[in-house]
Structure formats: structure tokens, C-alpha cells
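Residue numbers start at 1 and run along the sequence shown.
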Amino acid sequence: MSTPPAPQDAYIRDLPLLARLPEADLQALASSGRVRRFPAGTAIFHEGDPGDSLHVVVEGQVRITVLSGSGSEATVAMVDTGDCFGELALLDGKPRSATATAVTATRTFVVTRNDFVAWLKDRPGAALALLETLSLRLRRTDEALADLTFLDLPHRLAKQLLRLSAVDVKGQRPAIKVTQAELASMLGVSRESVNKQLNAFARGGLVQISRGTVKVKDPEALRALPL
């Protein structure tokens, strides 16, 4: 017997920007969305494309990247199941500021800007929640800039590994599906530098390295690295 599809509102119920909304409001927004599927390696949208929708990851993982003036690529975020991306488009409708690519076979729940704006007009509480979420994103950006200025690679890598391996609902810290090249792109350093530091962490029993994954074994030791 096949598993029945999840109700539409289940896709957006746990999003931080919508978590405090009444059930009726969630259902009204969910009814205007649809599910899209993207094979691994497919671009969901490109930097510069029209900003016309919000995506919630229902299944899979999405990499968010930007290009420098010289054409080099930097990974700015990895978006996992239950999180969203493209929310800036809901506010200003301007071109995409980054490229989103499906890392694995991915399904997203998509709400267009037009539908979101129509839904938002009579719901000031949702507008406040959205502003709070964007404020949190800005704080994280400020933190990343401070880390880049004041922390060396071991501390920056340790923070990134802890962030990417956040404890799940079962209290477990899952293995991170990320390559060393992707970690290097996130931190703005060479893959060789990341490889060297990961191996140092592995020798100390802090992490376990496998092909395409990193498993945090001793989070407390990573947090307590001496300055």
C-alpha cells in the first residue's frame, strides 16, 4: 500500500518565519503552493533569474552559491529538508542574488511571490515573523564576517562543522553530506587547507571522515579549541 501524500500545510508548518501563525493561516498559504522535483545536479534557479518564488525543501539538499567578478564560485549555504530558500524574492521581487542547485534528488514546495503577497496583505503577524527571520539571517552574516576577520581556519572549520551537523529531533548529530571542496568554498580557503585540518581533527578523534561525508564525533572538543 502506498503512503498517502502529506497535507500541503505540513511542508511549511515548521518554518521559522511561519511557526507562530494560526492553523487557518498556514492552510490558506499551503493551498496556493505546489511540489516540484529536481534531479541531482539540477539548477533550481540561477543568480540573476527573476525572483518570483519561495522554495521549501521537502526532500533532499540544496546548495546556494554565488559568483565573484572573476567567475570563481563560493558556497554560502547548504539547505536541508525542512528549511527554505529564496525568501528574499518574496519581499522585493528583484533578481536572484545566488544560484540554487539540487545536491541530491530533491523535492521543493513552491509558493509564488504573487500568491504570497496576496496572502500576506491581511496577516500583519506573518509580516513580523518574516522580518524576524530575515533579521536572524543578517545576524548570521555578521557573525560569518566576524569569524573571517578574527578566527583562524581550525576555529572557523570547527564552527562550520557544528553548524552543519545540528542535532536532529532524535537528539542525534547526523553525518554531514558535504565534500571537502564544498567546505573550502564555504570558508573561502583552498581544498588542500580544509583537507589538512580535517585530517588533524580526525587524528584527534574529533571527526570521522568518509567519502563525501564528515561525522562529528566530539562536538565539545570542537567547541573548546584553544584560541
Contact check, side chains of [X] and [Y], non-hydrogen atoms, under 4.5 Å:
| X | Y | value |
| --- | --- | --- |
| L222 | K159 | no |
| I64 | T75 | no |
| V214 | F201 | no |

May I ask you to decide if [Y]'s main-chain N or O and [X]'s side chain share a donor-acceptor pair within less than 3.5 Å?
| X | Y | value |
| --- | --- | --- |
| T106 | T104 | yes |
| N199 | N195 | yes |
| D152 | H155 | yes |
| K94 | P50 | no |
| D49 | H46 | yes |
| W119 | D25 | yes |
| T213 | A175 | no |

(request) Compute whether any side-chain donor of one residue and acceptor of the other, for R36 and T108, lie under 3.5 angstrom apart. (result) no
Is there a continuous path of hydrophobic side-chain contacts, each under 4.5 Å between heavy atoms, that joins [X] to [Y]?
| X | Y | result |
| --- | --- | --- |
| L153 | V76 | no |
| F116 | L26 | yes |
| L206 | L164 | yes |
| I176 | V79 | no |
| V103 | L161 | yes |

Closest non-hydrogen atom pair between [X] and [Y], with its separation:
| X | Y | answer |
| --- | --- | --- |
| P39 | A102 | O-CB, 3.6 Å |
| S165 | V216 | OG-CG2, 3.5 Å |
| K177 | M78 | O-CE, 4.4 Å |
| R223 | L162 | CG-CD1, 3.5 Å |
| P95 | G48 | CB-O, 3.6 Å |
| L225 | P154 | CD1-O, 3.7 Å |

(request) Could you go through the side-chain contact (heavy atoms from CB on, under 4.5 Å) check for F85 and V56 one step at a time? (result) CA-CA 7 Å; F85 59 97; V56 181; over 6 Å; no
(message) Taking D52 first and then R96, would you say they form a salt bridge - that is, a charged N and a carboxylate O separated by under 4.0 Å?
(response) yes
(request) Identify which one of V194, L157, L183 satisfies the side chain to side chain contact (heavy atoms under 4.5 Å, CB included) criterion when paired with V189. (result) V194
(request) Determine whether the aromatic ring centres of F38 and F45 lie less than 6.0 Å apart. (result) no
(request) Determine, stepwise, if the pair S32 / V111 fulfils side-chain contact (heavy atoms from CB on, under 4.5 Å). (result) CA-CA 7 Å; S32 65; V111 178; 4.1 Å; yes
Supply the atom-to-atom distance [X] [atom1] to [Y] [atom2], rounded to the nearest 0.5 angstrom.
| X | Y | atom1 | atom2 | answer |
| --- | --- | --- | --- | --- |
| Q208 | K215 | CD | NZ | 8.5 Å |
| K217 | R173 | NZ | CZ | 12.5 Å |
| H55 | C84 | NE2 | SG | 11.0 Å |
| L29 | L54 | CG | CG | 8.0 Å |
| R203 | I209 | CZ | CD1 | 9.0 Å |
| Q197 | Q180 | CD | CD | 11.5 Å |

